[in-house]
Amino acid sequence: MPLAVDASAWVAGLLIATCARYELSAPMTWLRTAVLLALLAVALQGLIGHFHHLYRGRYWFGSFEEVRAVAATVLLTAFLLTVTALSVPGGHVHVSTPVVGGSLALTLMFGARYWRRVRRERSAPATPSDRVAVLLFGAGDACRELVRAMLRDRHSRYLPVGLLDDDPRKRNLQLHGVSVLGGRDHLADAVVRTGASVVVFSVANANAQLVREIRRRTLAAGATFKVVPSVAELLDGRIRVADVREPRPSDLLGRRQIETDIESIAGYLRGKRVLVTGAGGSIGSELCRQIHRFGPRELMMLDRDESALHATQLALHGRALLDSPELILADLRDRHRVRSIVADRQPQVVFHAAALKHLTLLERNPAEAVKSNIWGTLDLLEACGGVDTFVNISTDKAANPVSVLGYSKRITERLTSHTASASGQNFLSVRFGNVLGSRGSVLTAFSAQMASGGPITVTHPDVTRYFMTVQEAVQLVIQAAVIGRPGEALVLDMGKPVRIADVARQMAEQAHQPIEIVYTGLRPGEKLDEELFGHDEHDSRPLHPLISHVSVPPLDPADVRLLNIFASRDTLTAELAGLCRLRERVATEA
């Protein structure tokens, strides 16, 4: 028991310090005083350690986190003992005794923990006959944690037999007794030499190209390929054996390291009232998850889909009773309801992710795009004129738009810019492309088609799209809100565009049966290649290497209110296109 170990260390340390001072012939009076001092030290150690959570099960015995807590507790205890020694009359306690005794006690505490940790790590459990031999690629921190977990867990089905890493400085490295056997070029040989049947990609933040390369080599060697999640996917950042999983399309297409300024983000979110619209959607729910980590004063989650709100609350708290004021069931088309919510709850930061986003459906129903995407956003902008920060989630289809979806999102960018000019507040838009794994995304559609036996339908053999995982996109959205200037549209770096046909082939290769790929042709409003910047926009990245800043001309809301949703589909679409081209009213009057 940790407290018993630490108590024994204090008793031994103070008695040794007292005896050493008198060369093992200390008077009985001094020894009795040393014993009383030791009892006081034990009481202080227990009390202070309790407040440091040292004896409340927070720390793994022998972990580095526990060592820091032990050191802080011992130092404070030794200080209080020294103060006591100085105040005891008669000089029966020398001032050096708590200092020397505390040093000895700390050494004994560290020694006991080190011995326990080494013993635990070297006493590998008996290897069950059904454990699977695995190689791990990437001998970094994630790999170290995973190897230790595999060796400790008696119920783990994985047994690490070797490591692989491309860094030549790690060639002779051992992690918990498991050796680095080479780099990616040695993968096939290592599989044969060790008898491994699984290769685990254990680089928690790697680019998708490396994931694809190691997967290709693993399958060619006849082994099964698995991955650990990216750090962004893990709630507490710790990797466990249970986290090892099959690769997802997002691992093969959109995984990379995202650097964000955590301190600046925390500064504008901590203690603030934050509203997220569309909180039940893919982007909105991930926004809520990441914002929640920064300790806002109040996180308000708004959506018109009650089931989606239930799922978001469940993911956030592990329970969903739906009785919390953090959930707001409302439709942005209801102008009076929107105004009432903003007036009553007074958000300081707003992330507007609610929108209709299916291009083909909106192409056939432009009036719905006007009511939800345009008028719904305008009503929210007007209601939020006094908030500190407003972030409008836009899309790459707003750059040189040719579809109803693109027109509607470009108009919201311009309306956001107008509100920024009128209010002087930090209102801006963030533009990015397809989100991997979102509801209605191409990957979700492909997965459903594969589950039903195929075929996978692709519009055109050469069509390309930008992809980003939802975790990466939201990290940059939150960062963009810090560095964006009022009225701007911030464009996220989506990497290189990906051929959809290649995605379809990669997913078909993972199927357990042959899957046919059928080409259906581009639909109205679809581009062969998406764009991130308009013809008159330039890629400028003054503050963040993955975030570009473009200026957006304002659009007067009065022009938007004149849209006739009862007009024919072609007429209304033409009106939307005209609004995107409409020059600023000030420029026209000049």
Side-chain angles (χ1 to χ4, degrees), residues 207-208 230 232 249-250 253-260 265 276-278 281-291 351-359 373 377 390-401 403 405-414 416-417 427-444 464-484 488-498 500 503 526-527 529-534 537-541 543-552:
N207 62 65
S230 66
S250 57
L253 293 175
R255 199 174 186 178
R256 58 178 171 168
Q257 178 77 38
I258 299 294
E259 296 293 340
T260 54
I265 290 173
V276 178
T277 71
S282 304
I283 294 293
S285 59
E286 181 64 22
L287 272 167
C288 293
R289 190 180 80 94
Q290 294 198 29
I291 291 170
F351 289 91
H352 177 43
L356 298 178
K357 62 180 181 180
H358 288 279
L359 184 145
N373 292 3
T377 298
F390 185 103
V391 180
N392 170 48
I393 305 299
S394 187
T395 170
D396 56 356
K397 293 172 178 60
N400 300 322
S403 63
L405 173 59
Y407 296 145
S408 68
K409 298 304 284 184
R410 178 57 176 172
I411 290 170
T412 65
E413 289 183 357
R414 297 190 62 183
T416 303
S417 178
F427 281 58
L428 53 93
S429 299
V430 179
R431 185 191 300 170
F432 53 90
N434 297 275
V435 174
L436 291 168
S438 65
R439 291 189 301 176
S441 73
V442 65
L443 298 187
T444 306
T464 65
R465 292 292 181 265
Y466 291 97
F467 285 103
M468 178 179 277
T469 67
V470 64
Q471 293 85 11
E472 294 163 351
V474 167
Q475 284 183 63
L476 289 178
V477 166
I478 296 175
Q479 179 69 66
V482 180
I483 65 176
E488 287 184 327
L490 287 91
V491 185
L492 305 188
D493 185 333
M494 302 290 294
K496 296 181 179 179
V498 177
I500 300 300
V503 177
E526 286 188 323
K527 298 179 181 179
D529 303 298
E530 291 290 2
E531 304 163 275
L532 293 176
F533 300 94
E537 296 174 345
H538 304 285
D539 186 353
S540 173
R541 311 184 185 195
L543 300 175
H544 194 286
L546 297 179
I547 302 177
S548 303
H549 298 242
V550 298
S551 60
V552 178

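For reference, positions follow the sequence shown, starting with 1. Since the model is a prediction, treat every value here as computed from it, not as a measurement.
When every heavy atom of Asp396 is checked against every heavy atom of Tyr466, the shortest pair comes out as OD2-CD1, 4.1 Å. Listed here is the closest heavy atom pair of Leu359 and Ser403: CD1-OG, 3.7 Å. The shortest heavy-atom contact between Pro401 and Gly406 is CB-C, 3.5 Å. Nearest heavy-atom pair across Ala481 and Val391 is CB-CG2, 3.6 Å. The shortest non-hydrogen separation linking Ala353 to Ile393 is CA-CG1, 3.9 Å. Across all non-hydrogen atoms, the minimal contact from Phe432 to Met494 is CB-SD, 3.6 Å.
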- Message: Walk me through whether Lys357 and Lys409 qualify under side-chain contact (heavy atoms from CB on, under 4.5 Å).
- Response: CA-CA 9 Å; Lys357 62 180 181 180; Lys409 298 304 284 184; over 6 Å; no

Margin query: One pair to check against side-chain contact (heavy atoms from CB on, under 4.5 Å): Val503 and Val442. What are the steps and the verdict?
Written below: CA-CA 9 Å; Val503 177; Val442 65; 5.6 Å; no

Next on the checklist: Does Val477 form a side-chain contact (heavy atoms from CB on, under 4.5 Å) with Leu492? I'd like the steps, not just the answer.
Outcome noted: CA-CA 8 Å; Val477 166; Leu492 305 188; 4.2 Å; yes

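For Val470, the side chain to side chain contact (heavy atoms under 4.5 Å, CB included) test picks out Ile283, Glu286, Val435, Val474, with sequence neighbours left out. Scored by the side chain to side chain contact (heavy atoms under 4.5 Å, CB included) test, Ile483 finds Gln479, Leu490, Leu543, His544, Ile547, His549 as partners (sequence neighbours excluded). Residues forming a salt bridge (charged side-chain N to carboxylate O under 4.0 Å, His left out) with Glu413 (at least two apart in sequence, or on another chain): Arg410, Arg431. Partners of Thr377 by side-chain hydrogen bond (donor to acceptor under 3.5 Å, both in side chains), not counting sequence neighbours, listed by chain and number: His352. Residues passing the side-chain hydrogen bond (donor to acceptor under 3.5 Å, both in side chains) test with Thr412 are Asn392, sequence neighbours excluded. Residues meeting the side-chain hydrogen bond (donor to acceptor under 3.5 Å, both in side chains) test with Glu531, sequence neighbours left out: Asn400, Lys527. Among residues two or more places apart in sequence or in another chain, the side-chain hydrogen bond (donor to acceptor under 3.5 Å, both in side chains) test is passed with Ser548 by Asp539, Arg541. Under the ring pair (Phe, Tyr, Trp, His ring centres under 6.0 Å) criterion, Tyr407 pairs with no residue at all, not counting sequence neighbours. Evaluation of the salt bridge (charged side-chain N to carboxylate O under 4.0 Å, His left out) rule for Glu530 yields Lys397, Arg465 as partners, not counting sequence neighbours. When the ring pair (Phe, Tyr, Trp, His ring centres under 6.0 Å) test is applied to Phe351, no partner is found at least two apart in sequence or on another chain.
Of the inter-residue distances, the one linking Leu532 atom CG with Thr395 atom OG1 reads 9.5 Å to the nearest 0.5 angstrom. Once rounded to the nearest 0.5 Å, the distance linking CG of Leu405 with CG of Leu356 reads 9.0 Å.
Side-chain atoms of Leu546 and Leu476, non-hydrogen and from C-beta on, do get closer than 4.5 Å to each other.
In this structure a side-chain-to-backbone donor-acceptor pair under 3.5 Å is missing from Asn373 to Ala355.
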